[in-house]
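Here's the structure we're looking at; comments come further down.
Note that the structure is predicted; figures quoted are calculated from it, not measured. All chains are named by letter (A, B, ...) in the order of the sequence lines, taking the proteins before the strands, and each is independently numbered beginning at 1.
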Number of protein chains: 2
Amino acid sequence: MTNHHSPLENHLLDALPTDVYKRMLPNLEPVEMPLGKVLYESGEALRYVYFPTDCIVSLLYVMENGSQAEIAVIGNEGIVGLALFMGGETTPNRAVVQSAGHAYCLSSARVKQEFALNGPLLRLLLRYTQALITQMSQTAVCNRHHSLDQQLCRWLLLSLDRLASNNLVMTQELIANMLGVRREGVTVAAGNLQDAGLIDYYRGHITVLDRPGLEKRVCECYQVVKHEFDRLLPYPPLK
Amino acid sequence: MTNHHSPLENHLLDALPTDVYKRMLPNLEPVEMPLGKVLYESGEALRYVYFPTDCIVSLLYVMENGSQAEIAVIGNEGIVGLALFMGGETTPNRAVVQSAGHAYCLSSARVKQEFALNGPLLRLLLRYTQALITQMSQTAVCNRHHSLDQQLCRWLLLSLDRLASNNLVMTQELIANMLGVRREGVTVAAGNLQDAGLIDYYRGHITVLDRPGLEKRVCECYQVVKHEFDRLLPYPPLK
DNA sequence: TGCCGTCTGTGCGGTTGCGAACGTAAGGGA
DNA sequence: TCCCTTACGTTCGCAACCGCACAGACGGCA
């Protein structure tokens with residue numbers, strides 16, 4: 001499969017001033033992002049950062065007993081590997097490709113070079129970090145207070161925003177892992193949404209039929225996160 | 001009450017190189033931090049950052065229906081108002097003093113001056129940001145997967161780490177608000193810990209009797225967060 | 001001394017999600 | 001074609017937590 005994607009499909013890269021972008025371009029390497037690919041494990045030193053163009057990456061926390069929970073999702077609006085620029089080198093998270101596609105990757109050495117210049121990349125990533133923090137804290141709140149139905153709506157909408165199509169390739173088992181709930185719970189919640197005519201799913205393929213309907217049903221968490229992303233990282237970029 | 005605290009009691013300030021610290025010192029203003037004081041509201045522009053010396057500040061998310069949940073706690077190891085340096089100016093959180101004490105505050109203009117130098121303060125705050133992110137994501141996980149007993153242990157230990165004494169002034173009602181659970185639930189959980197001889201509480205005063213016992217009972221979340229703080233922000237600082 | 005507000009303890013029914021087990025149906029490969 | 005894997009649906013008992021209601025218990029104040 002030829003990679004017909006431009007790095008500019010990643011919103012962060014697109015938002016960079018032309019000179020910075022041109023400086024970085026030779027070092028950006030296109031990579032396939034197959035479903036399930038582990039970009040890094042918890043505690044592992046990061047060797048690359050990834051700028052997704054048409055894939056979705058989940059940040060997961062893996063517990064001692066093996067169960068896991070999704071902390072945040074990253075698509076073409078962001079970057080995977082923030083810990084590199086934060087100075088910690090590692091994170092206690094796992095990053096996994098949740099929806100297959102492509103990305104551009106950049107070696108840690110190159111990234112640090114650019115950071116050291118204290119230029120637009122640093123400022124941009126700071127804003128993105130704040131948006132990501134909002135997403136994480138909203139996840140904490142949502143985990144505590146909202147029903148599985150609503151959380152599923154939130155998750156579907158977050159995924160949808162990061163994809164071109166309204167079709168997700170995702171089994172209920174995987175969704176359950178992401179949300180940190182049982183597979184049976186997802187079966188019921190998805191059944192509710194299907195009965196309401198909002199989605200249609202069939203053996204690992206979910207089609208969103210009525211996006212406005214989902215937005216009516218979702219908890220406030222989704223809008224809060226979306227507003228914060230739009231506020232901090234307007235797209236198309238103003239430059 | 002005279003303020004006999006030095007800014008150096010805040011670990012971040014203490015970790016700064018002497019020249020940077022001396023440059024900032026004239027602008028640091030001591031402030032009282034009474035219980036319940038709201039440092040900023042959700043969506044409000046930040047006018048100051050605060051470096052706590054002997055108080056604890058909670059970051060809370062307030063939901064549409066008025067209920068709230070704690071996202072993170074900040075004590076003398078950190079700074080309140082990170083959003084200022086991230087570039088967003090506001091956050092969708094509320095910051096409230098959870099345990100009375102003191103802090104040093106710094107106007108937003110002064111902070112930005114220092115950030116612009118791209119110096120040690122920026123690098124230090126980046127590391128702190130990563131530690132805070134760890135705390136937030138661990139909160140998300142803990143909310144989903146662990147029992148109220150364990151969450152209460154975690155909360156007590158996090159608070160204890162940020163205080164000099166083993167005595168907390170805190171009603172069950174307030175703890176319930178922080179944890180986003182019912183007051184009755186806290187009554188039961190605290191009763192369990194009291195029956196186990198780990199704590200003693202009496203009308204808004206909690207005394208920790210057996211800290212190692214709490215650490216045995218707490219979920220993994222506490223240690224993960226603590227390790228990450230120790231790794232990213234060693235104290236005393238190496239300089 | 002008596003009253004009132006705050007803080008804590010307890011009980012009850014209802015809901016939600018967990019854990020495990022089992023059934024079914026649709027591909028995919030030999 | 002048959003078998004086996006994957007994906008989804010359903011059930012049942014169990015535990016945790018919620019919402020509500022109310023009771024006691026302590027402390028400050030008149």
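Judged by the 6.0 Å distance and 45° axis criteria, B:R211 is not positioned over the aromatic ring of B:Y222.
Computed from coordinates, the A:N177 CG to C:dC18 P distance equals 12 Å when rounded to whole Å. When rounded to the nearest whole Å, the span between CD of A:E173 and P of C:dC18 equals 13 Å. Taking atom CZ on A:R182 and atom P on C:dC18, their separation rounds to 5 Å, with Å as the unit. As a whole-Å value, the separation of A:N143 CG from D:dC17 C1' is 15 Å. Following rounding to the nearest Å, B:H145 (NE2) and D:dA16 (P) show an atom-to-atom distance of 16 Å. Look at CD on B:E184: it is 12 Å from P on C:dG9, rounded to the nearest Å. Taking atom CG of residue A:L193 and atom P of nucleotide D:dG9, one finds them 12 Å apart after rounding to whole Å. Atom CG in B:L152 sits roughly 15 Å away from atom C1' in C:dT8 (whole-Å rounding).
More than 12 heavy-atom neighbours from other residues, nucleotides or ligands sit within 6.0 angstrom of CZ on B:F229. Within a 6.0 Å sphere centred on OH of A:Y40, other residues, nucleotides and ligands contribute more than 12 heavy atoms.
Side-chain atoms of A:R183 come within donor-acceptor range of the base of D:dG9, with a qualifying N/O pair under 3.5 Å. In this model, no side-chain donor or acceptor of B:R203 finds a partner on the base of C:dT8 within 3.5 Å.
B:G204 comes within 4.0 angstrom of the backbone, heavy atoms only, and of no base. A:V188 comes within contact range of no nucleotide atom at all, as no heavy-atom separation falls under 4.0 Å.
In terms of phosphate contacts, B:Y202 brings a side-chain nitrogen or oxygen within less than 4.0 Å of OP1 or OP2 of D:dG27. Residue B:Q172 places at least one side-chain N or O under 4.0 Å from the OP1 or OP2 atom of C:dG9. One finds a side-chain N or O of A:Y201 lying less than 4.0 angstrom from the OP1 or OP2 phosphate oxygen of D:dG9.
The side-chain heavy atoms of A:L156 and A:R154, taken from C-beta on, include no pair separated by under 4.5 Å. Between B:L28 and B:C105 the shortest side-chain heavy-atom distance does not fall below 4.5 Å.
Comparing A:A190 and B:G185 against DNA chain D, the residue whose closest nucleotide sits nearer the 5' end is A:A190. Of the two residues near DNA chain C, B:T187 and A:D149, the one whose nearest nucleotide lies more 5' is B:T187.
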